[in-house]
**Q** 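This is the structure, below, for whatever I ask next.
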Protein chains: 2
Amino acid sequence: MKNHMLDKNAQKIVTALEQDARMSFAALGDEIGMSKTPCWNKVQQLQASGVIEGYSAQLNPKALGLTIRALVHVVVDFEHYQAFEQAINAHKAVRSCHAVTGDSDYVLEILASDIEAFDELLRAQLSRLPGVQRFNTAISTRMVKNNGPYAAMLT
Amino acid sequence: MKNHMLDKNAQKIVTALEQDARMSFAALGDEIGMSKTPCWNKVQQLQASGVIEGYSAQLNPKALGLTIRALVHVVVDFEHYQAFEQAINAHKAVRSCHAVTGDSDYVLEILASDIEAFDELLRAQLSRLPGVQRFNTAISTRMVKNNGPYAAMLT
DNA sequence: CAGTTTTTAAGAACATCGTTCTGGAAATAA
DNA sequence: TTATTTCCAGAACGATGTTCTTAAAAACTG
């Protein structure tokens with residue numbers, strides 16, 4: 001959260017590791033034209049400075065049986081927003097939650113195994129979270145693009 | 001995209017690897033109570049079956065200087081939706097794009113380095129993509145939750 | 001400019017890990 | 001039961017992560 005100017009090598013490293021987090025340091029070194037030792041040092045530094053937060057396996061939600069995805073816009077009573085956010089963080093079906101400007105206060109990304117489970121989730125659980133006043137649900141019918149790399153956005 | 005019932009060990013594996021993709025097979029074996037050989041075999045199988053699609057470094061967009069995130073609802077002329085989707089996939093500033101039900105046709109997740117760059121992006125680039133008819137932009141003021149694990153959603 | 005310090009990279013060395021192979025136990029079928 | 005198959009543990013070996021040492025390049029000082 002400090003250095004807003006990564007040097008060229010650091011950019012190549014994060015680009016490569018965002019695409020394949022298990023690449024060996026030797027292979028990483030080949031891509032950026034260094035041996036593996038300074039390469040390893042740079043990665044340690046990127047981790048310590050918070051640029052690299054971790055490494056994650058990319059799972060296929062459909063292969064896990066999670067076939068329904070929805071974007072749910074929520075209006076929340078301002079008095080209870082803290083309890084609402086806490087409940088959102090605890091809820092496993094919520095993949096992401098943004099506080100947003102505009103007509104709604106939050107936008108949730110929610111997954112469910114099928115449409116019945118999603119209906120139950122919406123009616124029995126999310127609507128009863130603290131402070132929730134109104135919903136507006138948009139079912140995602142197709143993922144046109146997913147996980148576009150951050151590293152590619154640097155200029 | 002086939003086996004919708006992962007056994008208990010497979011669930012533990014994807015849970016662990018979604019949290020730390022660089023964990024060693026020995027450590028993975030410790031967590032699920034197996035030696036590393038069958039552990040390695042199961043991971044190979046999960047990759048081959050498409051449950052694990054890859055491994056990615058989790059980058060911190062703020063640390064990269066990407067301070068603005070927005071959810072943009074777009075209405076697209078049906079005649080040009082293919083060209084629109086192609087352009088979205090090619091555009092680096094778009095992190096994700098859902099086709100959705102409801103008032104809009106698509107919801108984009110967009111990042112920019114600052115609000116001026118975002119304004120330029122919206123006016124000069126996205127509004128000129130093929131088929132775009134209307135926008136509705138919600139700036140994300142805070143990430144309440146991010147990357148909630150898929151593996152935790154399995155019942 | 002010369003001399004000093006600091007930074008950065010490369011290569012060797014060693015412990016760890018990924019990957020393969022083999023044998024044997026547990027499960028399934030006949 | 002016997003035979004067949006599936007699954008797991010351990011050994012073995014090559015590849016990799018990590019540390020240490022040294023040297024070259026860069027930055028700084030007089």
**Q** Expressed as a whole number of angstroms, how long is the span from A:Phe25:CZ to C:dG18:P?
**A** 13 Å
**Q** Would you confirm whether B:Thr101, through its side chain, and A:Ile139, through its main-chain N or O, come within 3.5 Å as a donor-acceptor pair?
**A** yes
**Q** Across the strands shown, which category fits A:Ser24 at heavy-atom distances under 4.0 angstrom: base, sugar-phosphate, nothing?
**A** sugar-phosphate
**Q** Looking across every strand, which nucleic acid part, if any, lies under 4.0 Å from B:Thr37 by heavy atom: base, sugar-phosphate, or nothing?
**A** base
**Q** If you assign B:Lys36 and A:Asn41 each to the DNA chain C nucleotide with the nearest heavy atom, which residue ends up on the more 5' nucleotide?
**A** A:Asn41
**Q** If you compare every side-chain N and O of B:Trp40 against the phosphate oxygens of C:dG18 (OP1, OP2), does one of them come in below 4.0 Å?
**A** no
**Q** Can you check the B:Lys42 NZ to D:dA9 C1' distance for me, whole Å?
**A** 16 Å
**Q** Can you confirm whether B:Gln58 is buried at CD, in the sense that more than 12 heavy atoms of other residues, nucleotides or ligands lie under 6.0 Å from that atom?
**A** yes
**Q** Once you build an axis from the first five pairs and another from the last five of the helix from C:dC1-D:dG30 to C:dA30-D:dT1, how far apart in angle are they, to 10 degrees?
**A** 30°
**Q** Any cation-pi pair here, B:Arg22 with B:Tyr55, using under 6.0 Å and within 45°?
**A** no
**Q** When the distance from CE of A:Met34 to C1' of C:dA9 is rounded to whole Å, what number comes out?
**A** 8 Å
**Q** We want to know whether B:Glu53 and B:Gln47 form a side-chain donor-acceptor pair, criterion being a heavy-atom distance below 3.5 angstrom.
**A** no
**Q** Taking atom P of C:dT8 as reference, at what distance in whole Å does atom NZ of A:Lys8 sit?
**A** 18 Å
**Q** Over 60° means perpendicular and under 30° means parallel, so classify the ring planes of B:Tyr106 and B:Phe84, tilted if in between.
**A** tilted
**Q** Whole angstroms only, please: what is the CG-P distance between B:Leu28 and C:dT16?
**A** 19 Å
**Q** Starting at the 5' end of DNA chain D, which residue's closest nucleotide do you reach first, B:Asn9 or B:Arg22?
**A** B:Asn9
**Q** A:Asp105 pairs by side chain to side chain contact (heavy atoms under 4.5 Å, CB included) with which of A:Val132, A:Val75, A:Val100?
**A** A:Val75
